[in-house]
Amino acid sequence: MAGYLFKNCAAIIVDDGTGQTVHRDADILTDGPAIKAIGQNLSAAPQPEGTTVRDATGWFVYPGLVNTHHHFFQTFVRNRADLDWTKLSVIEWLDRIYPIFSRLTEDCFYHSSLTAMAELIKHGCTTAFDHQYCYPRHAGKRIVDRQFEAAEKLGIRFHAGRGGNSLPKSEGSTIPDEMLETTDEFINDCARVIDAYHDDAPFSMRQVVVSPCQPVNAYRETFVESVRLARDKHVFLHTHVGEGESPVIEARHGMRTVDYLEEMGFAGPDTFYAHCWELTHAELAKMAASGTGVSHCPEPVYLVGAEVTDIPAMAALGVRVGLGCDGAASNDNSNLMHCIHSGYMLQCLVASTRQHPVPPPADFLRYATVEGASLLGRKDIGRLAPGMAADLFAIDTRRMDYVGTRHDPLSLLAKVGIGMATDMTMVNGRIVWEDGEFPGLDEARMMAEAEAALSTITLA
Ligand SMILES: [Zn+2]
């Protein structure tokens, strides 16, 4: 695959490993899957054969966003008045939503994944992690396989979280019996998808993360065996933590969630938790010490009305923080660029109640890029520098929307918020979205097929 030379970019967010800086009036050259050079007047030198030269005047070029938590399958329950968080208790909400989830078919998982990933790409996301924990028995086991198929069709880098639930409702979980798996079933299928898809080579497009859904909905052995498998196969671990379950875990196991997971070894630099909004300072300090990361999903905090995640405390303690959209059951969009803005605004809302200052807006761009990459264990993505993967997106700032904002590209996404799609998104050196189209794909057809799959599970 030949490369591209984007000439005269108004700004490029460069990070050589020492922090993000803005390079003005610069060019960026890609070669195959990687960035070859960033600098001024690169076009004056001879280009590798086959290089496509583009005028990028007015463009702000950002590192591709890394989404660290999502549930693609929930994309098929968006914008429903009957699932309004503000009118339902969590139990009522679960009682309405699980009957829908339990009817999902393998095709529904494919098309909802395609829908979510398409929206992510349009808004600058180049690497997506998905936490797929919904396994209705009739849908079979080939759900992650279909997700990899959808990711490949769109060209997005995909980290599949193979989730699952083992504890029945009769023993205190919230999961209908038709969506349960035994620990053996879950672990065996995790091993299957790791063996079939996990690739840890540089510029890998496919990785697998062992991701039991949450401690309240699984037997202890499910987590113990997850740790054993992940360490044996050298893959990462993920689960939900600190979203209101700690008192339940304490009643069952005599300790709160963070201690319970640490005691089983479900912690460390190869482990990241979603949410963590109810954690104590001592628990955050333990996570900082073990190197365990946090995927912060700001949008569900607004919806659920829970305690606001203490990002300033995490930053002060050195806890690694990435950003996530979360699933559409608690965030009706798959727009990580929007989360950079909403995440920053959320912290500002409660700044006066915090011990530590709100991190600067530019840090929220770092959470969505280089720190998100760190949570996934990737050293080859998340920042723009020679030798890194050519994962990036561009915004043409020659629009009224950007008048008065162009002096600070690092803070633009967090402070101003960008509603529209990118002008171009590139993954591994390949343009996957440009000028309102997915090159080589028929969006209208993909949309119609997704709607047809969705219509099969709509509540009567
Ligand atoms: Zn979640």
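In each ligand, atom 1 is the first atom listed, and ligand 1 is the first ligand listed.
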Legend entry - Steps toward salt bridge (charged side-chain N to carboxylate O under 4.0 Å, His left out) verdict (Arg157, Glu152): CA-CA 8 Å; Arg157 201 182 295 282; Glu152 187 169 349; over 6 Å; no
Inset, instruction - Tell me whether His275 has at least one N, O or S atom under 2.8 Å from the Zn ion (ligand 1). - result: no
Legend entry - Vertex the Zn ion (ligand 1), rays to NE2 in His240 and NE2 in His69 - rounded to 10°: 90°
Legend entry - Closest approach to the Zn ion (ligand 1) by Asp326, given as the N, O or S atom name: OD1
Inset, instruction - Please lay out, stage by stage, how Ser112 and Thr115 fare under the test side chain to side chain donor-acceptor pair (under 3.5 Å). - result: CA-CA 5 Å; Ser112 55; Thr115 303; over 6 Å; no
Inset, instruction - Quick one: which residue pairs count as a salt bridge (Lys or Arg N to Asp or Glu O under 4.0 Å) with a foot in residues 232-248, not counting sequence neighbours? - result: Asp195-Lys233
Legend entry - Atom pair CD1/CD of Ile431 and Glu437 - distance to nearest 0.5 Å: 12.5 Å
